[in-house]
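What follows is one structure encoded as structure tokens, with my remarks underneath.
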Amino acid sequence: MKITVAGTGYVGLVTGVALAEIGHNVTCFDIDTEKIAQLSEGNTPIYEPGLDEILRTNQRSKRLFFTSNPELSYKGPEIVIIAVGTPEKEDGSANLSYVQSVAEHIAKYITKNEIIIVTKSTVPVGTNRKVKKWIEEDLTQPCQIHIVSNPEFLREGSALHDTFNGDRIVIGCENEEVALKMEELYAPLNVPIVHTDIESAEMIKYASNAFLATKISFINEIANICEKVGANIEDVSKGIGMDERIGPKFLQAGLGYGGSCFPKDTKALVQLAGDLQHRFQLLESVINVNNKQPLLLLQKAKNQIGNLERKKVAVLGLAFKPNTDDIRESAALILIKSLLEQGADIHVYDPIALKSAKKVLGDLVSYYETIDETILHAEVTFIATEWEDVLNYPLRKYKEYMKYPNVIDGRNCYSLEMAKKEKITYISVGRKIIV
Ligand code: UGA
């Protein structure tokens with residue numbers, strides 16, 4: 001099929017590349033000309049394992065094109081997939097201006113008399129119908145507009161894997177023929193399909209992210225109580241996760257969730273409910289627990305080792321999770337912000353995200369490319385992201401390199417047995433403090 005994907009952010013780019021890989025003819029549109037130039041040369045602007053290779057293979061096979069020309073993008077496709085950003089507005093609601101501008105472009109340039117408009121961007125319930133209205137209002141010639149809500153569930157860092165091995169594909173639309181066409185689009189992926197109405201599909205996306213965020217805040221609260229009663233959160237997570245009704249995933253206690261999705265989508269759902277005179281108290285608490293989680297760890301560290309003013313502090317990991325250079329809403333940044341308020345001298349390490357961090361933190365912190373250099377002579381080390389090289393970093397080295405071996409592990413990277421053997425001060429989440 002001939003498809004245009006609007007937006008080459010995470011979702012758009014991965015979707016475009018994956019659809020080309022399964023044989024479709026895909027044009028990816030973005031207003032960012034620099035990004036398009038970079039992509040046209042076969043380079044991806046995001047760090048995503050495996051994406052570069054598969055992008056280039058499909059470019060060579062002439063199934064994947066990048067352009068900033070809206071006319072070329074929208075005049076001929078059977079399907080347009082909207083995957084532009086829906087950033088958070090000040091009040092927590094989703095900013096739909098990018099979606100609206102895609103709608104304007106489609107209305108202006110479309111030459112066909114029928115088209116399927118698929119929304120993959122995370123949009124508040126009711127937006128798909130607005131998109132249809134926006135396009136219809138601006139059409140310069142008659143065209144039948146079919147809309148489909150088709151939310152995305154891919155994770156950064158494993159986006160390709162998630163696309164090719166998804167748990168489900170959700171298709172929300174009103175027309176049976178269109179639903180079949182969508183099935184045909186995704187058939188080679190061989191992923192189970194859930195058909196719903198448009199509003200339910202829109203809600204599935206928010207409800208999924210809100211539920212996963214709830215699971216994380218829940219386990220973090222249990223971890224906080226474990227610390228008080230002397231229990232071990234790792235064992236508790238294992239024990240509850242073996243109940244099939246609960247499941248083992250997303251029960252990893254730590255500094256809390258970050259990234260471009262959970263923080264934004266949970267706030268947007270609270271806002272959406274509020275606009276409809278429903279106070280979503282459960283989700284409000286999930287957000288509050290998450291905001292507090294990095295600060296609790298910091299407080300625990302201060303209780304143990306005292307004031308951090310002018311002390312050399314190392315922070316390992318800046319990305320909101322491993323395998324991405326994305327630092328948006330990262331727990332590490334919340335931690336660093338409060339360390340700065342305490343007047344600490346901060347030295348940071350991340351294997352991939354230093355460049356993005358520099359844009360935000362500037363010269364407020366010192367940047368290092370190795371863990372050894374970062375922790376050298378430090379009085380405290382905070383572990384904020386469980387990168388593979390942090391997980392594999394020998395605990396004994398903290399003792400060798402640091403001035404005082406105080407390791408504050410926000411991601412429970414080491415076992416308590418290992419920490420005990422090394423005679424360091426080891427403070428983690430939901431587990432006993434080792435001194
Ligand atoms: C999330 C969802 O997992 C995807 O299904 C969804 O498509 C995506 O948002 C989106 O809406 O676009 P992502 O933000 O890439 O994906 O990251 P996750 O892997 O879900 O992790 C989110 C955060 O939760 C990370 O900061 C991670 O460290 C934290 N987390 C995750 C925990 O603290 N504990 C866990 O057990 C799991």
Side-chain angles (χ1 to χ4, degrees), residues 7 9-15 46-49 83-88 94 119-123 150-163 165-170 202 204-224 233-234 236-238 240-241 246-269 286-287 289-291 293-294 297 317-335 353 383-387 390-391 409-413 428-430:
Y10 238 99
V11 171
L13 186 55
V14 173
T15 303
I46 52 171
Y47 174 76
E48 184 64 37
V84 291
T86 51
E88 189 183 318
T119 308
K120 258 195 194 297
S121 304
T122 303
V123 291
N150 173 218
E152 192 49 67
F153 303 103
L154 53 83
R155 289 165 300 172
E156 290 188 19
S158 51
L160 275 176
H161 173 271
D162 290 351
T163 306
N165 306 276
D167 292 327
R168 77 305 205 186
I169 289 171
V170 173
E202 291 172 326
I204 286 171
K205 172 66 190 185
Y206 277 107
S208 299
N209 276 1
F211 187 80
L212 292 170
T214 304
K215 239 181 146 177
I216 297 169
S217 278
F218 177 84
I219 205 65
N220 282 338
E221 278 288 66
I222 295 289
N224 297 335
I233 191 63
E234 307 284 300
V236 174
S237 290
K238 189 172 172 201
I240 63 174
I246 297 172
K249 294 185 181 154
F250 277 71
L251 289 180
Q252 173 74 45
L255 285 180
Y257 61 79
S260 63
C261 306
F262 288 173
K264 167 173 80 76
D265 294 349
T266 44
K267 278 186 246 170
L269 187 51
V286 167
I287 296 168
V289 167
N290 195 60
N291 291 340
Q293 197 63 10
L297 189 78
L318 301 167
F320 81 97
K321 64 172 187 179
N323 291 324
T324 173
D325 62 351
D326 196 342
I327 55 159
R328 282 176 287 178
E329 306 270 344
S330 153
L333 291 190
I334 302 178
L335 186 68
I383 299 178
T385 317
E386 66 279 33
W387 282 101
V390 176
L391 287 167
D409 184 357
R411 298 292 176 187
N412 290 359
C413 294
S428 53
V429 180

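Model, not experiment: these values are computed from the prediction. Both counts, for ligands and for their atoms, begin at 1 and track the order of listing.
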Check for a donor-acceptor pair, side chain of Thr385 on one end and backbone N or O of Ala319 on the other, with a separation under 3.5 Å.
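Yes, because the side chain of Thr385 sits within donor-acceptor range (under 3.5 Å) of the backbone of Ala319.
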
Table of N or O contacts for ligand 1, cutoff 3.5 Å:
{"residue": "ligand 1", "atom": "5 (O)", "partner": "Phe153", "partner atom": "O", "Å": "2.8"}
{"residue": "ligand 1", "atom": "7 (O)", "partner": "Glu152", "partner atom": "O", "Å": "3.4"}
{"residue": "ligand 1", "atom": "7 (O)", "partner": "Phe153", "partner atom": "O", "Å": "3.3"}
{"residue": "ligand 1", "atom": "7 (O)", "partner": "Leu154", "partner atom": "N", "Å": "3.2"}
{"residue": "ligand 1", "atom": "7 (O)", "partner": "Leu154", "partner atom": "O", "Å": "2.8"}
{"residue": "ligand 1", "atom": "7 (O)", "partner": "Lys205", "partner atom": "NZ", "Å": "3.2"}
{"residue": "ligand 1", "atom": "11 (O)", "partner": "Lys205", "partner atom": "NZ", "Å": "2.7"}
{"residue": "ligand 1", "atom": "11 (O)", "partner": "Asn209", "partner atom": "ND2", "Å": "2.7"}
{"residue": "ligand 1", "atom": "15 (O)", "partner": "Glu156", "partner atom": "N", "Å": "2.7"}
{"residue": "ligand 1", "atom": "15 (O)", "partner": "Lys321", "partner atom": "NZ", "Å": "3.1"}
{"residue": "ligand 1", "atom": "17 (O)", "partner": "Lys321", "partner atom": "NZ", "Å": "3.1"}
{"residue": "ligand 1", "atom": "19 (O)", "partner": "Lys321", "partner atom": "NZ", "Å": "2.9"}
{"residue": "ligand 1", "atom": "26 (O)", "partner": "Gly258", "partner atom": "N", "Å": "3.0"}
{"residue": "ligand 1", "atom": "26 (O)", "partner": "Phe320", "partner atom": "O", "Å": "2.8"}
{"residue": "ligand 1", "atom": "34 (N)", "partner": "Gln252", "partner atom": "O", "Å": "2.9"}
{"residue": "ligand 1", "atom": "36 (O)", "partner": "Leu251", "partner atom": "N", "Å": "3.3"}
{"residue": "ligand 1", "atom": "36 (O)", "partner": "Gln252", "partner atom": "N", "Å": "2.9"}

Quick one: which residue pairs count as a salt bridge (charged side-chain N to carboxylate O under 4.0 Å, His left out) with a foot in residues 256-267, not counting sequence neighbours?
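Sorted pair list: Glu88-Lys267.
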
Among pairs that include at least one residue of residues 317-330, which meet salt bridge (charged side-chain N to carboxylate O under 4.0 Å, His left out), considering only residues two or more places apart or in two chains?
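Listed by first then second residue: Glu156-Arg328, Asp326-Arg328.
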
What heavy-atom pair brings Gln252 and Arg411 nearest, and what distance separates the two atoms?
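Residues Gln252 and Arg411, closest heavy atoms: NE2-O, 3.7 Å.
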
Separation of Asn165 CG from Leu154 CG (nearest 0.5 Å):
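Leu154 atom CG to Asn165 atom CG measures 12.0 Å (nearest 0.5 Å).
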
List for me each residue that meets side chain to side chain contact (heavy atoms under 4.5 Å, CB included) alongside Pro151, sequence neighbours excluded, and say none if there are none.
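Checked Pro151 against side chain to side chain contact (heavy atoms under 4.5 Å, CB included); matches are Ser149, Phe153, Val170, Ala201, Lys205.
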
